[in-house]
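For reference, the structure is listed below as structure tokens.
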Amino acid sequence: MSVLITNISELVTNAPGEADSVASPGPFEAIADAAIVLDGGLVAWAGLAAEAPAADEVVDAAGRAVLPGFVDSHAHLVFAGERGAEFAARMAGLPYGAGGIRSTVAATRAASDDVLRANLARLAGEMLAQGTTTFECKSGYGLTVADEARAVALAGEVTPEVTYLGAHVVPPEFDGRTAAYIDLVCGEMLAACAPSAKWVDVFCEDGAFGADEARAVLAAGEAAGLQPRIHANQLGPGPGVQVAVEAGAAAADHCTFLSDADVEALAASGGTVATLLPGVEFSTRSPYPDARRLLSAGVTVAIATDCNPGSCFTSSMPLCVALAVREMRMTTAEAVWAATAGGARALRRTDVGHLGVGAQADLIMLDAPSHAYLAYRPGVPLIAGVWRSGGRIV
Ligand SMILES: [Zn+2]
């Protein structure tokens, strides 16, 4: 059954031209006084409302804006426990380090499958209600062969974008034996996780893993059929971005502390997206990455939540868009593009993040006339409707 949504004040398509034949996300594009037709789970037509074809069902948008569903390309959702007290202590002046991850590891190992599954379902539901129709989900709070295999299997129940992050931190039982842990991550643990994952990731940072360790993890993952992505340059300058570009990673995530050489490498990479996670800087009271510097250099920028119980426990892409505009000097169009088409690029997806003909019919309707309201009205629940694969869910 086809659905025509008409009387749309602004239809953000991220699809060039009149959206006749679009195979992948283009630059930010929007059509005023628009309509869109969904059929068979895909976008069948998009253009001026006055020229819209007939359909089986008609939805009147009543002057609201319609956008592609958000693509959140960075989230850690398989965990148990919470760290509200750690957050409160941080806001009272304690610094954020990578060590707090261990408390989540202990809680996650102790949790039943049902507890993890229920937590995952709750967070996935939160995301959907806030307009996120595609999201990535990492392991990384198990850090044993069995617990990491369980994490990627559970993640695969809620998304196809599953990332193996055995190299999140060195678990306590491997204290002082990082090389032995890397052997496990690249060996038995990888073999147990690769069948359930699409991506391999590593936290390349002081206090986590160095450049050679990160290279080894990504290379082993690739040999097992996984595609590389990386946590890089979050807490200070480091080699992560260079490792990402060398490895042909789909994305280097965080990118908070970059040298000129890092920016140049990303711009010249031809395929490594800089994924900025402004919720982390908000939640750790840290300096934001310089999005303008990246955009000016021609780097492809995505925005994602990094939803996790430690450094940033938001699942809200609208919040991240607002932060990107207010705190990282992105325009509203740049931020919305980065949260949709940019996220799709970071996941190497051509079927989401845009509303060109043939795209997956994943879209959101705002209770507002334009995309700018996501930043103009921060904190206000503006998601009036969500469609995924052509079906209305919210
Ligand atoms: Zn992360």
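Every number for a ligand or one of its atoms is a count from 1 in the order of the listing. Values in this document were obtained by computation on a predicted structure and should not be read as measured data.
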**Report entry** Angle in degrees, rounded to 10°, that NE2 of H231 and NE2 of H76 form at the Zn ion (ligand 1)
**Finding:** 100°
Query raised in the report: From the Zn ion (ligand 1) out to just under 2.8 Å, does an N/O/S atom of H74 turn up?
Result: yes
Query - Residue D201, metal the Zn ion (ligand 1), N/O/S under 2.8 Å - result: no
Query raised in the report: Given D306, which of H231, K138, H76, Q234 fulfils the side chain to side chain donor-acceptor pair (under 3.5 Å) condition?
Result: H76
Report task. Name the orientation class of the two ring planes belonging to F79 and Y141 (parallel below 30°, tilted from 30 to 60°, perpendicular beyond 60°). Result -> perpendicular
Report summary line: the Zn ion (ligand 1) has as its nearest N, O or S atom from D306 the atom OD1
Query raised in the report: Side chains of T134 and F70: does their closest heavy-atom pair fall under 4.5 Å?
Result: no
Report task. With R377 as the cation and Y373 as the aromatic partner, state whether NZ or CZ is under 6.0 Å from the six-membered ring centre and within 45° of the axis. Result -> no
